[in-house]
Amino acid sequence: MSIILTDIEGTTGSIAFVKDVLFPYARERIPAFLAEHATEPQVATLIRDAARDAGMESLSPDDAATVFLAWMEADLKVTTLKTLQGLIWEAGYREGVLRGHVYDDAAEGLARWFAAGHALYVYSSGSIAAQRLLFGFSDHGDLTDLFSGYFDTTIGLKNDPDSYRRIAPRIGAAPADIVFLSDSAAEIAAAHAAGFATVWMVRPDNPPHEGPPPPCDVQAESFEGLDPAAIGG
């Protein structure tokens, strides 16, 4: 049995969904959301942590919105921002406004691997809450029962080999028995350096990669035909 660790954006679902649907949805709602929920414990903690991350003593809800929006504009992988986005997206999913995009071949592949006895995990820059929402309210229905666990940037950045070295014992498997799938060359290189088996996803609708390809075991355009048992372990 191999362990599957998969990225989301550009791997199980389209980059366009995140870029053109989720991010604008959160961006438009950050100021009003912070103003409305600033006194709630979770949001108050986010504002306080954002002030710390920005090197400030404190932030008003309006000033916190300015900070969060600046981080979004710079595409920074800040955990507090990812958590805030997840809270905003949760409302959209539960209201039926949002549906998580999952490729047909990814939904089929994940179900096939699960049925074959492979344990499935997710590692994404988006918060764990956001990951659960995307798969729980996907356009293929609730897929969360397929996954044994989730990892986000609280374990470390995805282009850092040490992040994968921390993930392996959390899963309880040797690195060589874990197959990591991602569209990011930097992430594939990091996982490879940590001893993981790797599948570099080069979907036709992903942006073209510039530079040499990363070291990987398999390069694939879809999940169709992929056999994790033949890649890892």
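Just so you know, residue 1 is the first one in the sequence shown, and it goes up from there.
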In the structure I gave you, are the side-chain heavy atoms of L98 and Y25 within less than 4.5 Å of one another anywhere?
yes

Is the side chain of H140 donor-acceptor paired with the backbone N or O of V102 at a distance under 3.5 Å, no angle test?
yes

Going by side-chain hydrogen bond (donor to acceptor under 3.5 Å, both in side chains), name the pairs with one or both residues in residues 183-196, residues two or more places apart or in two chains.
K158-E187, S182-E187

Please report the interatomic distance OG1(T83) to CG(L46), rounded to the nearest 0.5 Å.
5.5 Å

What one should report as the nearest heavy-atom pair of L146 and A111 is CD1-N, 4.1 Å

Start with the C-alpha gap between Q131 and I8, add the side-chain angles, then the distance that decides, and say whether side chain to side chain contact (heavy atoms under 4.5 Å, CB included) holds.
CA-CA 8 Å; Q131 297 171 31; I8 294 178; 3.8 Å; yes

Aromatic contact, Y150 with Y121 (centres under 6.0 Å):
no

Side-chain touch Y103/T11, heavy atoms, less than 4.5 angstrom
no

Rounded to the nearest 0.5 angstrom, the OG-CG distance for S163 and D152 is 10.5 Å

Verdict with reasoning, M56 to D63, per side chain to side chain contact (heavy atoms under 4.5 Å, CB included)
CA-CA 11 Å; M56 302 177 182; D63 290 338; over 6 Å; no

Does a side-chain heavy-atom distance below 4.5 Å link L84 with L34?
yes

Determine, stepwise, if the pair T12 / D7 fulfils side chain to side chain contact (heavy atoms under 4.5 Å, CB included).
CA-CA 7 Å; T12 62; D7 174 42; over 6 Å; no

Where the side chain of T144 meets the backbone of R132, is there a donor-acceptor pair that is under 3.5 Å apart?
no

Taking atom CG of N159 and atom NZ of K77, what is their separation to the nearest 0.5 Å?
10.0 Å

Compare all side-chain heavy atoms of S138 with those of R99 and state whether any distance is below 4.5 angstrom.
no

Any side-chain heavy-atom pair of L87 and Q42 under 4.5 Å:
yes

Can you tell me how far CG of D139 sits from CG of L134, rounded to the nearest 0.5 angstrom?
8.5 Å

Any side-chain heavy atom of D217 sitting closer than 4.5 Å to one from F196?
no

Less than 4.0 angstrom from a charged side-chain N to a carboxylate O is my criterion; do D105 and R203 meet it?
yes

Do W200 and F180 have side-chain heavy atoms sitting under 4.5 Å apart?
no

If I compare all heavy atoms of A197 with all of A176, which pair ends up nearest, and what's the gap?
CB-O, 4.5 Å

Closest non-hydrogen atom pair, T6 against F147
CG2-CE2, 4.4 Å

Mind running side chain to side chain contact (heavy atoms under 4.5 Å, CB included) on D142 and F135 for me, showing each step along the way?
CA-CA 6 Å; D142 186 353; F135 287 112; 6.0 Å; no

Grouping I, L, V, M, F, W and Y whenever their side-chain heavy atoms are under 4.5 Å apart, do V78 and L157 come out in a common cluster?
no

Going by the angle between their ring planes, with limits at 30° and 60°, are F33 and H37 parallel, tilted or perpendicular?
tilted

Measure the spacing between CD1 of I231 and OG1 of T198 and express it to the nearest 0.5 Å.
9.0 Å

Between Y164 and A194 the two heavy atoms that sit nearest each other are CB-CB, 3.7 Å

For the CD atom of E9 and the OG atom of S14, what is their distance to the nearest 0.5 Å?
8.5 Å

Determine the interplanar angle of the F17 and H101 rings, folded into 0 to 90°, and report it as parallel if under 30°, tilted if 30 to 60°, perpendicular if over 60°.
tilted

Minimal heavy-atom distance between A173 and I178, with the atoms involved, is CB-CG1, 4.1 Å

Verify same cluster id: F137, F23 (apolar side-chain graph, 4.5 Å)
yes

Is atom CZ of R166 surrounded by more than 12 heavy atoms (other residues, nucleotides or ligands) closer than 6.0 Å?
yes

For residues I15 and M201: do they belong to one hydrophobic cluster (side chain heavy atoms under 4.5 Å, members Ile, Leu, Val, Met, Phe, Trp, Tyr)?
no

Restricting to non-hydrogen atoms, name the atom on G156 and the atom on Y123 that form the minimum distance, rounded to 0.1 Å.
O-OH, 2.6 Å

Does E224 CD have over 12 foreign heavy atoms under 6.0 Å away?
no

Does S148 reach the side chain of L120, with side-chain heavy atoms less than 4.5 Å apart?
no

